[in-house]
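Worksheet for the structure shown next.
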Amino acid sequence: MTNQAAADLIARSNRLGADPKNTNYAGGNTSAKGTETDPVTGEPVELMWVKGSGGDLGTLTEQGLAVLRLDRLRALVDVYPGVDREDEMVAAFDYTLHGKGGAAPSIDTAMHGLVDAAHVDHLHPDSGIAIATAVDGEALTATIFGDKVVWVPWRRPGFQLGLDIADIKAKNPQAIGCILGGHGITAWGDTSEESERNSLWIIDTAAAYIAEHGKADPFGAVLEGYEPLEASERRAKAAALAATIRGLASHDRPMVGHFTDAPEVLDFLARAEHPRLAALGTSCPDHFLRTKVKPMVLDLPASAGIDESVARLKELHEAYRSDYQAYYDAHATPESPAIRGADPLIVLVPGVGMFSYGANKQTARVAGEFYVNAINVMRGAEAISSYSPISDAEKFRIEYWALEEAKLQRMPKPKPHASRVALVTGAASGIGKAIATRLAAEGACVVIADLDLEKARAAAAEIGNSDVAIGVQANVTDAAAVQQAIDDAVLAFGGLDLVVNNAGLSLSKPLLETTEADWDLQHDVMAKGSFLVSKAAAKVLIEQDLGGDIIYISSKNSVFAGPNNIAYSATKADQAHQVRLLAVELGEYGIKVNGINPDGVVRGSGIFASGWGANRAKTYGIPEEDLGKFYAQRTILKREVLPEHVANAVVVLTGPELSHTTGLHIPVDAGVAAAFLR
């Protein structure tokens, strides 16, 4: 049974974490102290439950708590070797744990354990950080809160900060919390309700003071020409720039992107002070660990054309990389970890919005959310004072902290298709859905493109949330509709790496019964459709300069002359030759083009379910329900082919093992000798 103190802590944490005004995603930590019976001695033992490293308050569960013995934790004070060696104390926390399981203790554990209060909250509210980053934050703290909240000068999180706050609490019995310079807030209480109430009072009091006393335009006057473009125009410009920006952000390693045109971002970029403030960078460690110390900002008005913007972005990227290298060189010591990459994680485009990047979509999205937090912090600080973040030297100490490096090294090895963005046409069912599902399982972000938007969205929802898969509408016979689907993909995930031309249909008729309309429909969907999708996707792949894959789901019938399918087989042969032609043409850009020739995929196949199966069964003189078995028996391996087998081939062709293979057609037909390639 969950201890009541722990249960109250989880409920409090979930409430605090559910409201973004209180703290950012995965930011801050909370704790509660209470008593349990020691299973070894049978005697009462004082414990502390505290949110573990890497968890999120809004979704915290009992498994996300670290449980420590208070007597052993507080005894660490007697062996503390001093601030120069305080990092050693993190490993020492393991010797204070009670029982097994639970989360790893975070760097802030000392703050909670050493403070003489039953319940402690450490949070990163925008309003609180605005006070913490104001140039006169200490004086403002006294003005706004009186003696109820005490100023703590900037100190890197760790054991010494815990000692400092414990000392402040002891010397200021009237205080309910503190403002941590450059960082956030900490509050406490004798009960869970009191701690939560005190946290919210600090947050709301700071916000109310800023609202009442802050100047109307903290970011300055509107810059002429930098105002937000109309919604459809800015999204079109964002889509046109997305491939370029993603390529720049992925110079050192591939990144997934996120785009937002949130009002806070657009207003910030429209104001005169945005270049100065952006250059100062973020302050709260949670912010700049996700956003890098500062963003890259396009210094052109919203009216600038695409070509001009692209050229300038590339110039700014070179300057950004040089500046980041200089930052690293200025502060690195022989013991510092190697530079982790010099590309920006936040790119701001006036009039358009913000692009943010990470190893996966969630990380990219959260990075953007954190920079919105940073904008709110700068607005609050500038409204009542001047924004003054911690120094670059202190930022570096955290960004390249040995403990941070160790955390990164503990992260699991990425899946083979991690950081890749895949678009699969005709993916709401059958082979396409199986391909999309498998690619997502291998770590890719997936765009389900289908003529039926609702079915596309439903298929995406089955695969995962919008950080993993989205559904878009795509009529592959219409160039404008194809371009819109590509634009939707790059705005959702930053770019594109892998395209699967799977959309198709078939009408099984002999030559004399095949109409011109039958011929045109099948060629429009498969031959023309594949051409349009490949052409639109290739523009993105070439501009990103990250290579990529284009896969054609062709057919055994592209090389095998079967009865009663003149239109279908001819268009599949067209697709098969597109593979060869594009492999030659796109190879210089590192783009691989390969094909897959399935056969007899009956179960789960949209084509077979829509009448093709009945026609083929009639052609072969067998019941339709036996068609899969019939196809299996005529193969060399005597095995039925399923959509998942085609998906397997896609994963292999686009994975690291076949990085040097292009222009290949892989049969997935259980062995049909007449369709052997030669």
Whether the side chain of [X] engages the backbone of [Y] through a donor-acceptor N/O pair (distance < 3.5 Å, no angle test) should be reported.
X: D56; Y: Y25; value: no
X: S250; Y: R246; value: yes
X: T571; Y: A527; value: yes
X: T425; Y: A503; value: yes
X: E657; Y: V652; value: no
X: K572; Y: N597; value: no
X: T291; Y: A367; value: no
X: N502; Y: G426; value: yes
X: N594; Y: L664; value: yes
X: H523; Y: D520; value: no

Pair [X]-[Y], side-chain donor/acceptor within less than 3.5 Å:
X: T635; Y: Q633; value: no
X: N648; Y: E644; value: no
X: K361; Y: H258; value: yes
X: Q325; Y: Y320; value: no
X: T244; Y: E543; value: yes

Can you find a pair of side-chain heavy atoms, one from [X] and one from [Y], that are under 4.5 Å apart?
X: Y552; Y: S530; value: yes
X: V593; Y: L586; value: yes
X: I551; Y: N501; value: no
X: I553; Y: V646; value: yes
X: N465; Y: V468; value: yes
X: L498; Y: L423; value: no
X: I542; Y: V540; value: no
X: L348; Y: L298; value: no

[atom1]/[X]: more than 12 non-hydrogen atoms of other groups inside 6.0 Å:
X: D478; atom1: CG; value: yes
X: K535; atom1: NZ; value: no
X: E625; atom1: CD; value: yes

- Mind checking what makes side chain to side chain contact (heavy atoms under 4.5 Å, CB included) contact with D599, not counting sequence neighbours? K556, R634, D669, V672
- Item | V651: partners by side chain to side chain contact (heavy atoms under 4.5 Å, CB included), with sequence neighbours left out | H417, R438, L439, E442
- Task: Dump the intermediate steps for side-chain contact (heavy atoms from CB on, under 4.5 Å) on F355 and M255, then the final yes or no.
- Result: CA-CA 11 Å; F355 296 85; M255 291 285 182; over 6 Å; no
If you take all heavy atoms of [X] and [Y], which pair is closest and at what distance?
X: I448; Y: A459; value: CG2-CB, 4.2 Å
X: A649; Y: V668; value: CB-CG2, 3.8 Å
X: T514; Y: A567; value: CG2-CB, 4.2 Å
X: A428; Y: A456; value: CB-N, 3.9 Å
X: A239; Y: V490; value: O-CG2, 4.0 Å

Distance check, rounded to the nearest 0.5 Å: [X] atom [atom1] versus [Y] atom [atom2]?
X: L581; Y: S534; atom1: CG; atom2: OG; answer: 11.0 Å
X: R253; Y: D343; atom1: CZ; atom2: CG; answer: 8.0 Å
X: L241; Y: L313; atom1: CG; atom2: CG; answer: 6.0 Å
X: Q544; Y: L248; atom1: CD; atom2: CG; answer: 10.5 Å
X: H665; Y: H577; atom1: NE2; atom2: NE2; answer: 9.5 Å
X: F493; Y: S419; atom1: CZ; atom2: OG; answer: 13.0 Å

- Item | Candidate pair V372 and M354, rule side-chain contact (heavy atoms from CB on, under 4.5 Å), full reasoning | CA-CA 9 Å; V372 171; M354 171 174 60; 3.9 Å; yes
- Task: Report the relative orientation of the aromatic rings in Y620 and Y631; use parallel for angles under 30°, tilted for 30 to 60°, perpendicular for over 60°.
- Result: perpendicular
- Task: Assign the ring pair Y324 / Y400 to parallel, tilted or perpendicular, where the plane angle (0 to 90°) is split at 30° and 60°.
- Result: tilted
- Tell me, with the steps shown, if V476 and L532 meet side-chain contact (heavy atoms from CB on, under 4.5 Å). CA-CA 7 Å; V476 297; L532 291 176; over 6 Å; no
- Query: In this structure, which one of D450, V447, I486 forms a side chain to side chain contact (heavy atoms under 4.5 Å, CB included) with V472?
  - Reply: V447
- Message: Taking side chain to side chain contact (heavy atoms under 4.5 Å, CB included) as the criterion, tell me which of H251, H317, R321, K292 meets it with P344.
- Response: H317
Could I get the full list of salt bridge (charged side-chain N to carboxylate O under 4.0 Å, His left out) partners for [X], not counting sequence neighbours?
X: E308; value: none
X: D518; value: K509
X: D467; value: R365
X: K592; value: D549

- Message: Tell me if the centroids of the rings in F370 and F288 come within less than 6.0 Å of each other.
- Response: no
- E462/K433 salt bridge by N-O under 4.0 Å criterion: yes
- Query: Given the rule in the side-chain contact (heavy atoms from CB on, under 4.5 Å) test, do Y357 and I346 qualify, once you have shown the distances and angles that lead to the verdict?
  - Reply: CA-CA 7 Å; Y357 296 91; I346 303 291; over 6 Å; no
